[in-house]
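We name chains A, B, ... by the order of the sequence lines, and we start the count at 1 in each one. Remember, it's a predicted structure, so these values are computed and weren't measured experimentally.
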Amino acid sequence: MSPRSYTPLEQERLRKIEQMRAQGIEPYPNRAERTHTTRQAIEAFLEAEKQGPDAPTVPATVAGRLRAVRQMGKITFAHIEDEHGRLQLFLRVNELGKERLKFFNKFFDIGDFIQAQGEMFRTRTGEPTLRVHDFKMLAKAITPLPAAKKTKHSPFSDPELRYRQRYADLAVHPEVRQIFRTRAKIVRALRNYLDAHGFLEVETPILQPIYGGAAARPFVTYHNQLKQQLYLRISFELYLKRLLVGMFERVYEIGRDFRNEGISFKHNPEFTQLEFYMAYADYFTVMDFVEDMLRSVAQEVLGGLQFSYQGHTIDLAPRWKRITMRDALLEATGIDIQQHRTLEALNTALREQGHQPPPKPSWGKLLDWMLSTFVEPNLIQPTFVYDYPRDISPLAKSKPGDPQTVERFELFMGGMELGNAFTELNDPLDQEARFLEQGRTYAADDEERHPLDEDYLQAMRYGMPPNGGFGMGIDRLTMLFTDQHSIREVILFPHLRSKADDAQPQRAASSPPEDADADTTRTSEKERL
RNA sequence: GGGCGCAUAGCUCAAUGGAAGAGCAGCGGCCUUUUAAGCCGUUGGUUGCAGGUUCGAGUCCUGCUGCGCCCA
């Protein structure tokens, strides 16, 4: 991408840079000083004020970005902003002299980084303010910040530009910065909880020779020296469960998954996932644990168990609703899936109800379509839907006495799938049979198919303790806790289609995977997120 | 993948098929307590891209690109 040409506004600022350098002033100096953040300066001043009229002055050197400038002849007011807040600067000819004030007015623009030294006082209107004795340019901005001053219209509202230039979005929108602080708190709270419950945090491969643990199309890449095709992981599951074989009893990983699929308000090609596995737990144990974990996270991050999401009040306090998939579908559609145990029968029943089910390769996949179409959007309060069909859950253990149903639940909240869990299949013979079933049910290029991972079977043959596992989308949890409708609002740099004029040169690295038909509502195995 | 919608100055937005505008920002000036400061003056446009209809297109039509919403 070649550098674009400068706009007239930018050319004006480039001229200022030249003129400053001509005066021997470096607009991008190497050193900066700061004794107080804006917040510390104000707090120190308020503290000193308590000592009455004889309080000592509060000297301070602050640094930040100019966000507003009001020139009034021999006085200039300005506001600087740092990460912690804003502070008004008071620049007066009395302290600075005519030349310095003129220099400020001429060369400093909104968006520039500035260092200012002086002492705190109150203006006539009562605002704690720094009376500036000296100042220094720390970094000159060439491109004007969008909507540098507040206007009646909402500033910088074009979502495309906001995502493409997230740095500018963050620079002018403190509320956007707050979302990402909350996101960090959520991750920290999850770690705190899991660490306190005896879990070991681990890191497993992102580049994998065989992808698995979910039903999704992978990104493919290639290691040149090994001459080996590799996949970016679509889940952590198979590696984390190998660790249970290795005698870690409780493990978790928080990291990035990659799925080469559609993009929507709740899908990004790379997203952040939590998965944990607990030896000697089953899916009901995991339900209890997840309920407690997310209450703990909410308490730590939000300070309470209620929050509002898209006009709803979600309450984590009451015991979360638990309903079987069969009952959930019966309630929502009037169809009892136990009375329609084949794909054909279920399709017929749906059509009799006036629905038009899309073609699906199996009974289980049709059930999942029904769930996401008729049930999921209405599950606002936290709800566990459990007992899933076997053919879409090849890593979950069957229910005793009901081999076609597996011990699996999905957690829904705010009308979205948030998490997914099983009593994990630990029988290597059954697991092998499941992989083979997958091969029969789905075409070789169907992304729903789980490729047979012989090394995973080998691990299981050594003996894997019974265990329960759970996966959850951190992005979606952040959407809930920050009341954001779009996943792009909680991902710093979401993927957008590249614009024609900044297309990157093609690199001869890998061939694209076989092209299955795109369908973003596909069922996935673990963490369809 | 389908439907609907949006794309005009740096930002936010106007403009019945008939002279491309406003506010903010910028630039020049006035102003010693402002808070979206105020006042005077002023610069700034290949109306996303490519075609078409028309005496005339920001506006109507077709295609493309990007984004949003809804659906699958």
Side-chain angles (χ1 to χ4, degrees), chain A residues 4-16 66-81 86-98 101-102 105-112 121-132 141-165 168-169 171-173 261-267 310 355-360 368-370 372-374 376-377 485-489 494-503 515-523:
Chain A
R4 64 175 170 81
S5 53
Y6 290 105
T7 66
L9 272 68
E10 292 169 330
Q11 289 169 17
E12 183 64 35
R13 297 204 181 181
L14 289 172
R15 273 193 291 278
K16 291 179 182 179
L66 273 176
R67 291 306 310 271
V69 175
R70 296 177 291 281
Q71 296 180 18
M72 307 189 56
K74 297 187 174 62
I75 291 182
T76 292
F77 286 95
H79 272 91
I80 63 164
E81 179 175 325
R86 287 192 178 209
L87 177 66
Q88 182 167 256
L89 303 183
F90 177 78
L91 298 98
R92 196 168 59 158
V93 73
N94 307 43
E95 285 80 33
L96 294 167
K98 205 173 163 185
L101 185 62
K102 190 177 163 191
N105 288 338
K106 183 170 169 58
F107 288 111
F108 282 70
D109 292 293
I110 290 164
D112 295 351
F121 77 113
R122 264 187 207 276
T123 60
R124 199 169 283 175
T125 55
E127 179 167 345
T129 299
L130 186 77
R131 179 182 285 114
V132 176
I142 293 171
T143 303
L145 282 177
K149 284 192 182 178
K150 282 186 183 169
T151 64
K152 287 174 187 170
H153 306 292
S154 84
F156 197 42
S157 55
D158 177 3
E160 179 181 354
L161 254 185
R162 284 186 49 233
Y163 300 145
R164 286 196 195 280
Q165 302 196 5
D169 181 35
V172 301
H173 292 138
E261 300 183 341
I263 294 177
S264 81
F265 74 96
K266 51 182 180 178
H267 297 86
Q310 305 295 297
H355 302 299
Q356 294 181 322
K360 292 288 176 184
D368 193 73
W369 172 81
M370 291 169 68
S372 49
T373 304
F374 303 118
E376 177 174 346
H485 173 67
S486 168
I487 197 169
R488 289 178 162 173
E489 295 293 347
H495 280 282
L496 299 178
R497 206 167 257 113
S498 57
K499 300 180 83 169
D501 57 345
D502 46 83
D515 203 331
D517 217 23
D519 173 5
T520 56
T521 60
R522 65 182 48 78
T523 304

| Under 4.0 Å between a side-chain N/O of A/His355 and OP1 or OP2 of B/A72, yes or no? | no

| query | Who pairs with A/Arg15 by salt bridge (charged side-chain N to carboxylate O under 4.0 Å, His left out), at least two apart in sequence or on another chain? | reply | A/Glu12

| request: Could you measure between the two P atoms, the one in B/C49 and the one in B/A7, and give it in whole Å? | output: 13 Å

| field | Protein-nucleotide distance (A/Trp369, atom CH2; B/A72, atom C1'), rounded to Å | value | 10 Å

| Length of the line joining A/Gln165:CD and B/C67:P, which is rounded to integer Å | 14 Å

| query | Counting side-chain heavy atoms from CB outward, which of B/C11, B/C27, B/A72 is closest to A/Lys16? | reply | B/C27

| Which whole number of Å gives the distance between the P atom of B/C61 and that of B/G3? | 16 Å

| Watson-Crick or G-U wobble partner of B/C6, both distances under 3.5 Å | B/G66

| Considering every strand shown, what is the Watson-Crick or G-U wobble mate of B/U32 when both distances are under 3.5 Å? | none

| query | Can you tell which of A/Thr123, A/Leu89, A/Leu91, A/Val69 makes a side-chain contact (heavy atoms from CB on, under 4.5 Å) with A/Phe77? | reply | A/Thr123

| task | Taking side chain to side chain contact (heavy atoms under 4.5 Å, CB included) as the test, write out the residues that go with A/Thr373, two or more places apart. | result | A/Trp369

| remark: Sorted by chain and residue number, the salt bridge (charged side-chain N to carboxylate O under 4.0 Å, His left out) partners of A/Asp169 (sequence neighbours excluded) come out as A/Arg162, A/Arg166

| message | Roughly how many Å apart are B/C27 and B/U59, using the C1' atom of each and rounding to a whole number? | response | 33 Å

| query | Would you call A/Arg70 and A/Ile75 a side-chain contact if the rule is heavy atoms closer than 4.5 Å? | reply | no

| Nucleotide B/C69, atom P - distance to CD1 of A/Ile263 in whole Å | 12 Å

| Length of the CD-C1' vector between A/Gln11 and B/A25, whole Å | 16 Å

| Base-pairing mate for B/G41 - Watson-Crick or G-U, with both contacts under 3.5 Å | B/C27

| query | Taking the same atom, C1', in B/U8 and in B/C13, what whole-Å distance lies between them? | reply | 9 Å

| query | Using atom C1' of each nucleotide, how far apart are B/C11 and B/C70 to the nearest Å? | reply | 29 Å

| note | Sorted by chain and residue number, the side-chain hydrogen bond (donor to acceptor under 3.5 Å, both in side chains) partners of A/Glu95 (sequence neighbours excluded) come out as A/Arg92

| note | When rounded to whole Å, the CG to P distance for the pair A/Asp112 and B/A25 reads 16 Å

| Opposite nucleotide pairing with B/G21, Watson-Crick or G-U, both atom distances under 3.5 Å | B/C13

| On a whole-Å scale, what distance lies between the P atoms belonging to B/A25 and B/C60? | 33 Å

| message | Can you work out whether A/Tyr163 or A/Asp109 has the more 5'-proximal nearest nucleotide on RNA chain B? | response | A/Asp109

| message | Without decimals, in angstroms, what is the distance between A/Phe107 CZ and B/G26 P? | response | 15 Å

| Between atom NE2 in A/His267 and atom P in B/C70, what is the gap in whole Å? | 14 Å

| task | Determine which nucleotide pairs with B/G56, using a 3.5 Å limit on both distances of a Watson-Crick or G-U wobble pair. | result | none

| Are A/Lys16 and A/Glu10 close enough for a salt bridge, meaning some N to O gap below 4.0 Å? | no

N/O contacts under 3.5 Å, protein versus nucleotides 28-34 of chain B?
| from | atom 1 | to | atom 2 | distance (Å) |
| --- | --- | --- | --- | --- |
| B/C31 | N3 | A/Gly73 | N | 3.1 |
| B/C31 | N4 | A/Gly73 | N | 3.3 |
| B/U32 | OP2 | A/Lys74 | N | 3.3 |
| B/U32 | N3 | A/Asn94 | OD1 | 3.1 |
| B/U32 | O4 | A/Asn94 | OD1 | 3.3 |
| B/U33 | O2' | A/Arg124 | NE | 3.3 |
| B/U33 | O2 | A/Arg124 | N | 2.7 |
| B/U34 | O2' | A/Arg70 | NE | 3.2 |
| B/U34 | O2 | A/Arg70 | NE | 2.7 |
| B/U34 | O2 | A/Arg70 | NH2 | 2.7 |
| B/U34 | O2 | A/Gln88 | OE1 | 3.1 |
| B/U34 | N3 | A/Gln88 | OE1 | 2.8 |
| B/U34 | N3 | A/Gln88 | NE2 | 3.1 |
| B/U34 | O4 | A/Gln88 | NE2 | 2.9 |
| B/U34 | O4 | A/Thr123 | OG1 | 2.6 |
| B/U34 | O4 | A/Thr125 | OG1 | 3.3 |

| field | Whole-Å gap separating P (B/A72) and CE (A/Met370) | value | 14 Å

| task | Answer yes or no: is there a side-chain heavy-atom contact under 4.5 Å between A/Leu87 and A/Leu130? | result | yes

| Taking only residues two or more places apart in sequence, or in another chain, which ones meet A/His355 in a ring-ring contact (aromatic ring centres under 6.0 Å, His included)? | A/Phe374

| request: Output yes when at least one side-chain N/O atom of A/Arg497 is less than 4.0 Å from OP1 or OP2 of B/U65, else no. | output: no

| Nearest-angstrom distance, C1' atom, B/G66 to B/A20 | 24 Å

| field | Distance between P atoms of B/G45 and B/C30 (Å, rounded) | value | 28 Å

